[in-house]
Amino acid sequence: MIDIKLLRQDPGGVAAQLARRGFRMDVDWYVSQEAERRSLQTRLEDLRKHRNEGSRRVGELKALESPAEELRVQLEKLTHLDRELVDAEQAFRKLSAGLEAFCLTLPNLLDATVPEGMEEGANQELRRWGHVPDFAFKPRDHVELGEMIQGMDFSAASVITGARFVVLRGILARLQRALTAFMLDWHVREYGYEEIYVPHLVNRQSLTGTGQLPKFESDLFRVGPDVDWFLIPTAEVPVTNLARDHVFSGSELPKQWVAHTPCYRSEAGSYGKDLKGMIRQHQFEKVELVQITIPGESSQAHERLVGHAESVLVQLELPYRVMLLCAGDTGFASAKTYDLEVWLPSQKRYREISSCSNFRDFQARRLNARWRQDAKSKPDWVHTLNGSGLAVGRTLLALLENRQDESGKVSLPSCLQSYLGGIREIRGGVGREHPNG
RNA sequence: GGAGAGAUGGCUGAGUGGUCGAAAGCGCUCCCCUGCUAAGGGAGUAAGGGUGCUUUAAGCCCUUCGAGGGUUCGAAUCCCUCUCUCUCCGCCA
């Protein structure tokens, strides 16, 4: 949520900033509602004050056993006042709810360094790493490689469930598990993240806290009708909600959390996009980094966080580039987002494999997540950040495509070998634990 | 699934209709005392919002005792619904 004081003070300025995203804020509606709220609240509080004073007087009169007449008059007065109060309260509740709902749909303010632009093409490339493989043959895509290895089965998944799911078998199932374990261990060991295990079903409040609700319910899978729970679209939701309603002490920040979870997305509105293969699935594995910092440190933390995600690609020897997202491409809750894009030989282009965002205090307000410098100071909002470190499914397919040879054999980077019993390469029928299996 | 108990401030925990935003203790902050430390003494210590201000004041006021409704002039306290926690039984990975 945007700072409510800033919004009240300068609604036009906020609207102008949000316009960078292509978001149109109804300033007139807001200003008039806010003015009405203010006057209504003053009146309501005044009524309540009189009610409180009157009730206290009743108590006094009863205690003093004063004349019944005075008591009767007082009670009559209060009954009348109460009727007025009920009406005012109802009007105020309605108005506040409307304003609250309005504020929950406003996206975050953008960082000043976020480039203008509404299209993906306006994103800014900051740097590249690694060598894009120069194949002397026509590289196969991961679907074909997966078939040759007999480890990737889309039709089996569509029988079990439907489109946009996959079944992995044998070495590829193990490879996915190895990648997950490697990423978790890497972030814990190299950067001191605390590994977290979380629920994969979350309630409405958690999703509102991180910003998926109320605007993006159609992107989610809801579990119902008996319970109002949702399958998580990312570990960001449960992990960031660890900070909800919490006041951190300055000494315990920053928090660095890493979690592996499956992610479930309805992919509504992506019809026709990435229909083939593992790029866009309803279910995928992801290792997520989440940080909670004090406000002054989130920018540096953001840079470091991207570095942590990048280091995984370096370890896996996968060529990638770092993009600074433009205004129109930056997510609802984010002030600034870097995407990591990995090279996919079959598509001859870079595709997103990680998204690292600084939310500043936007989520913290929704989550009521605060910190306190020391015992004497007032609590203030924390800053929250997160990034994929990395999307495991896409990592797996990037690995297959980038490290294939003409025969369809795929070599494995050394960092994974301890996770795979020393296997160095995969090919059709090879790389299995038991040759006859 | 069955039976029962509970949810109060950073923590523990009193409080069953009228100065209760809330006793007491712990913790924390400041001060005093004491070569240092320890012990001791004193004071303070919830959050959010409105008004004020036109600048981040004082003061005044409102709200909040798990959440939401209700009864009442008045609710932490009584009633209803929900959520969560705990204990016992059953079942179960």
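Numbers restart at 1 for each chain; the letters A, B, ... are given by sequence-line order, proteins then strands.
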Q: Where the side chain of A:K378 is defined as all heavy atoms beyond and including C-beta, which of B:A47, B:U63, B:U51 is the nearest nucleotide?
A: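 For A:K378, the side-chain atoms sit closest to B:A47.
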Q: In the structure shown, which nucleotide is the Watson-Crick or G-U wobble counterpart of B:A38, with both distances under 3.5 Å?
A: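 Matched B:A38 with nothing under the 3.5 Å cut-off.
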Q: Starting from the C-alpha separation in whole Å, work towards a yes-or-no answer on side-chain contact (heavy atoms from CB on, under 4.5 Å) for A:V143 and A:F154.
A: CA-CA 9 Å; A:V143 178; A:F154 295 97; 4.1 Å; yes
Q: Taking only the side-chain nitrogens and oxygens of A:R370, find out if one of them lies under 4.0 Å from OP1 or OP2 of B:G10.
A: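 No, no such contact exists.
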Q: What is the pairing partner of B:A3, taking Watson-Crick or G-U wobble pairs with both distances under 3.5 Å in any strand?
A: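 Per the H-bond distance test, B:U87.
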Q: When both hydrogen-bonding distances must be under 3.5 Å and the geometry is Watson-Crick or G-U wobble, what is B:G68 paired with, if anything?
A: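 With both distances under 3.5 Å, B:G68 matches B:C80.
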Q: Hey, are A:R8 and A:E34 close enough for a salt bridge, meaning a charged N less than 4.0 Å from a carboxylate O?
A: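 A:E34 and A:R8: salt-bridged.
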Q: Phosphate oxygens OP1/OP2 of B:C73: is one of them under 4.0 Å from a side-chain N or O of A:R56?
A: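 So the side-chain polar atoms of A:R56 never come under 4.0 Å of the phosphate oxygens OP1 or OP2 of B:C73.
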Q: What does B:G52 pair with, Watson-Crick or G-U, if both distances are under 3.5 Å?
A: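 Across all strands, not a single nucleotide pairs with B:G52.
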Q: Using purine N1 to pyrimidine N3 plus N6-O4 or O6-N4 for Watson-Crick, or N1-O2 and O6-N3 for G-U wobble, each under 3.5 Å, what pairs with B:G44?
A: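 Base-paired to B:C28.
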Q: Would you say the side chains of A:E267 and A:H282 form a donor-acceptor pair under 3.5 Å?
A: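 No - no donor-acceptor pair under 3.5 Å links their side chains.
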Q: Identify whether the distance between the nearest side-chain nitrogen and carboxylate oxygen of A:R57 and A:E53 falls below 4.0 Å.
A: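 No.
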